[in-house]
Amino acid sequence: MRLSNKRRIPLYNFINTALIMLFVIGILAFVVEEMVFHLLGIEAYLLIIIPALFLVLFYLNGRQIFEYDSDGEALHFKNRNIVPFFSKPLSDEFPKYKFLKYESITFLFFKRLYITINSKSGNTILKYEISYLTAKELNDLKFSLNKVIKNNKEKLNDK
């Protein structure tokens, strides 16, 4: 099964650009308010704080693009940001038989996927940010991962 939200890159780019423009406009409005109008008083700082808060939340929510591929004998996970220099992309590929378990954690609007694999040095936990997946995409991902776990258990019991 393949899962990808790459088709939403233009939407994320638009949101990113709009938030940056809103932040710059807020700074300009603040400067004009402080130098010319003097109407808002202390509330003028909200012209900077609110857009900055939205911009920070957009970036803290995690990497926007998530790709998953379970076709073949390997699992491939890829997680990257729409702004290439902002954070290093994650890309992991390993055989299906090394996959042990997964855990999906949701806290407010932050979603993380923790994958546990068997490696030479013990169990390794890989972390992916899945906040930008829809509920359907998340259910499809969980279904596919459960299927891999079930197949691994069946192969282990057959031996």
Please tell me whether [X] and [Y] are part of a single hydrophobic cluster in this structure, the criterion being side-chain heavy atoms less than 4.5 Å apart.
| X | Y | result |
| --- | --- | --- |
| Leu108 | Leu60 | yes |
| Phe143 | Leu145 | no |
| Ile25 | Val32 | no |
| Ile50 | Ile20 | yes |
| Leu19 | Leu46 | yes |

In Å and rounded to the nearest 0.5 Å, what is the [atom1] to [atom2] distance from [X] to [Y]?
| X | Y | atom1 | atom2 | answer |
| --- | --- | --- | --- | --- |
| Phe23 | Leu47 | CZ | CG | 11.5 Å |
| Leu126 | Phe77 | CG | CZ | 8.0 Å |
| Asn139 | Thr134 | CG | OG1 | 8.5 Å |
| Lys78 | Lys6 | NZ | NZ | 7.0 Å |
| Glu33 | Leu39 | CD | CG | 5.5 Å |

Review point. Does Phe107 CZ have over 12 foreign heavy atoms under 6.0 Å away?
Key: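 Incorrect, the count does not exceed 12.
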Exercise for review: Please say whether more than 12 non-hydrogen atoms of neighbouring residues, nucleotides or ligands are located less than 6.0 Å from CD1 in Ile125.
Suggested key: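 It does not: Ile125 CD1 has 12 such atoms or fewer within range.
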Check your understanding: Between Tyr45 and Phe30, is the gap from one ring center to the other below 6.0 Å?
Key -> yes
With a 3.5 Å distance limit and no angle check, can you tell me whether [X] reaches the backbone of [Y] through a side-chain donor-acceptor pair?
| X | Y | result |
| --- | --- | --- |
| Ser131 | Lys111 | yes |
| Asn79 | Glu129 | yes |
| Thr116 | Tyr102 | no |
| Asn61 | Leu57 | no |
| Asn152 | Lys96 | yes |

Review point. Should Leu22 and Leu55 be marked as a side-chain contact (heavy atoms from CB on, under 4.5 Å) after you check the CA-CA gap, both sets of side-chain angles, and the distance that decides it?
Key: CA-CA 9 Å; Leu22 190 64; Leu55 196 59; over 6 Å; no
Point to revise | Charged N-O contact under 4.0 Å between Glu137 and Arg8 | key: yes
Practice item. Report yes if some heavy atom in the side chain of Ile130 is under 4.5 Å from a heavy atom in the side chain of Ser104; otherwise report no. Key: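 In contact.
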Review point. Tell me, do Val31 and Val36 make a side-chain contact under 4.5 Å, heavy atoms counted?
Key: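 No. Closest side-chain heavy atoms not under 4.5 Å.
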**Study point:** Pair Asp92, Tyr128: side-chain N/O donor-acceptor within cut-off below 3.5 Å
**Key:**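 Judged by distance alone, the side chains do pair up.
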Exercise for review: Starting from the C-alpha separation in whole Å, work towards a yes-or-no answer on side-chain contact (heavy atoms from CB on, under 4.5 Å) for Lys153 and Lys155.
Suggested key: CA-CA 5 Å; Lys153 286 182 181 177; Lys155 286 180 184 178; over 6 Å; no
Practice item. Apply side-chain contact (heavy atoms from CB on, under 4.5 Å) to the pair Lys98 and Ser119, showing each step before the final yes or no. Key: CA-CA 7 Å; Lys98 289 190 173 192; Ser119 62; 5.6 Å; no
Going by atom type alone, with no hydrogens or angles, which donor-acceptor pairs under 3.5 Å involve a side-chain atom of residues 64-74 and a protein atom two or more places apart or on another chain?
from: Gln64; atom 1: OE1; to: Ile82; atom 2: N; distance (Å): 3.1
from: Tyr68; atom 1: OH; to: Ser144; atom 2: OG; distance (Å): 2.7
from: Asp69; atom 1: OD1; to: Asp71; atom 2: N; distance (Å): 3.0
from: Ser70; atom 1: OG; to: Met1; atom 2: N; distance (Å): 2.8
from: Ser70; atom 1: OG; to: Met1; atom 2: O; distance (Å): 3.3
from: Ser70; atom 1: OG; to: Ser144; atom 2: OG; distance (Å): 3.4
from: Asp71; atom 1: OD1; to: Met1; atom 2: N; distance (Å): 2.6
from: Asp71; atom 1: OD2; to: Arg2; atom 2: NE; distance (Å): 3.1

Review point. Between Asn16 and Tyr59, is a side chain to side chain donor-acceptor pair (under 3.5 Å) present by the stated rule, with each step listed?
Key: CA-CA 9 Å; Asn16 183 41; Tyr59 288 120; 2.4 Å; yes
Practice item. Please test Ile105 against Leu113 for side-chain contact (heavy atoms from CB on, under 4.5 Å), starting from the C-alpha separation and ending with a verdict. Key: CA-CA 6 Å; Ile105 296 176; Leu113 177 68; over 6 Å; no
Check your understanding: What's the shortest heavy-atom distance between His76 and Ser91, and which atoms?
Key -> CE1-OG, 3.4 Å
